[in-house]
Amino acid sequence: MPELPEVEVVRAGLEPAVAGATVTAVNVFDGRSLRRHDGPSEDFVDRMTGARLAAPRRRGKFLWVPIDPPGGSGHEAEALVVHLGMSGQVLLREPDAPRDRLTRISFDIAHPLHPVLRVDFVDQRIFGSMSIDRLVESGDVPGDLVPSQVSHIARDPMDRAFDDAAFFAKLAKRNTGIKRALLDQTLISGIGNIYADEALWAARIHYDQPTATLSRPRAKTLLAEVRLVLGKALAEGGTSFDAQYLNVNGESGYFSHSLNAYGQQGEPCPRCGRLIVREQFMNRGSHFCPFCQRIRTAR
DNA sequence: CCGGACTCCTGGTTGC
DNA sequence: TGCAACCAGGAGTCCG
């Protein structure tokens, strides 16, 4: 599932292609991908056609491209918001390249510095979406704008303005399990099931350890491991990235060959050799080492 | 505030 | 071989 590293790879790859480009045509093949757009498909097409695109931005798993609509000034700031959901991909293609069967939305873009390109939004399961949204003040950093539908999403741990101390304080006040907290995008964003399991394994913390009983040093270790695992994935996603084609979902985008816990049930724990277990938790799988990762009770 | 259930959805895999 | 059931889960909403 696309998590922070995969979305960041898309953002970075998209940037040189779309920043400064103009949308010359929009095709909506499946309106269900506009579920989060406030208006019909025609409205989306009308407002995107002719729009000038700025450099894409990201918070957590949300991606957006600020747009300058053809109308010009007087209009409030807007952005094309992209969420990849479970299976979304953004592909940059030559204008005449064949389309993926599961392409839901497609844009033709013209750029003053390079040839016309096509941007395809491919999404098998349609949990992802595109929408036009207005930009609002993020609230903590003046002048920092985010789409209104992203305003409740916390900053992600790779964000310079992420406040470690505030995160630890909120964590301590929560009355819940640590994995639930890691997956709560309003507390810390960008982490999904894969990297949650990986970071918890690295920090030797059980997924259901109550947040209130997690000592400050262990919480610090966990946040450091979160950043480490996201950073590694980012580096690997970056190396396999081909400037011509952005591929989000493919196995290549994930550093599946370096997973220690996720999907490793039945395999020996790389640290202690005991078998990794998979348990059902929060309607999904939780993978962990039952020896390295035990719930610690406060004494 | 918290957690569980439910919704969106389809391709690939499993099981009979 | 054929087909149906099952599984994957990000995020929002609703309810107890």
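Numbers restart at 1 for each chain; the letters A, B, ... are given by sequence-line order, proteins then strands. Bear in mind that the values here come from a model prediction, so they are computed numbers and not experimental data.
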### Message
For A:His111, give me all partners under ring pair (Phe, Tyr, Trp, His ring centres under 6.0 Å), at least two apart in sequence or on another chain.
### Response
A:His114
### Message
What range of DNA chain B does chain A touch, first nucleotide to last, counting atoms under 4.0 Å from its heavy atoms?
### Response
B:dC2 to B:dG11
### Message
Check this one for me: any side-chain N or O of A:His83 less than 4.0 Å away from OP1 or OP2 of C:dG10?
### Response
no
### Task
Respond yes when some side-chain nitrogen or oxygen of A:His152 is under 4.0 Å from OP1 or OP2 of C:dA11, and no when none is.
no
### Query
Testing A:Thr22, A:Val18, A:Leu14 for side-chain contact (heavy atoms from CB on, under 4.5 Å) with A:Leu53, which one passes?
A:Val18
### Task
Answer yes or no on whether A:Arg160 is positioned over the face of A:Phe162, meaning its NZ or CZ is under 6.0 Å from the six-membered ring centre and within 45° of the axis.
no
Once you round it to whole Å, what is the distance between [atom2] of [N] and [atom1] of [X]?
X: A:Met282; N: C:dG10; atom1: CE; atom2: C1'; result: 10 Å
X: A:Gln89; N: C:dG10; atom1: CD; atom2: C1'; result: 16 Å
X: A:Phe281; N: C:dG10; atom1: CZ; atom2: P; result: 13 Å
X: A:Gln149; N: C:dA11; atom1: CD; atom2: P; result: 12 Å

### Task
Mind checking A:Leu102 for me? I need base, sugar-phosphate or nothing, with any heavy atom below 4.0 Å counting as a touch.
sugar-phosphate
### Query
Of A:Asp197, A:Thr211, A:Asp208, which meets side chain to side chain donor-acceptor pair (under 3.5 Å) against A:Lys179?
A:Asp197
#### Entry: Partner of A:Arg155 by salt bridge (Lys or Arg N to Asp or Glu O under 4.0 Å), out of A:Asp164, A:Asp144, A:Asp163
A:Asp144
### Task
For A:Arg101 and for A:Thr176, locate the closest nucleotide of DNA chain B by heavy-atom distance; then report the residue assigned to the nucleotide nearer the 5' terminus.
A:Thr176
Quick one: salt bridge (charged side-chain N to carboxylate O under 4.0 Å, His left out) partners of [X], sequence neighbours excluded?
X: A:Glu225; value: none
X: A:Glu15; value: A:Arg11
X: A:Asp43; value: A:Arg47

#### Entry: Donor-acceptor contact present, side-chain A:Arg118 to main-chain A:Pro95, <3.5 Å
yes
Shorter than 3.5 Å, N or O on both sides, protein versus nucleotides 6-9 of chain C: list them out with atom names.
| from | atom 1 | to | atom 2 | distance (Å) |
| --- | --- | --- | --- | --- |
| C:dA8 | OP1 | A:Arg278 | NH1 | 3.4 |
| C:dA8 | OP1 | A:Arg278 | NH2 | 2.6 |
| C:dA8 | N1 | A:Arg125 | NH2 | 3.3 |
| C:dA8 | N3 | A:Arg125 | NH1 | 3.1 |
| C:dA8 | N3 | A:Arg125 | NH2 | 2.6 |
| C:dG9 | OP1 | A:Asn193 | ND2 | 3.0 |
| C:dG9 | OP1 | A:Tyr262 | OH | 3.4 |
| C:dG9 | OP2 | A:Gly285 | N | 3.4 |
| C:dG9 | N1 | A:Arg125 | NH2 | 2.8 |
| C:dG9 | N2 | A:Arg125 | NE | 2.5 |
| C:dG9 | N2 | A:Arg125 | NH2 | 2.0 |
| C:dG9 | N3 | A:Arg125 | NH2 | 2.8 |

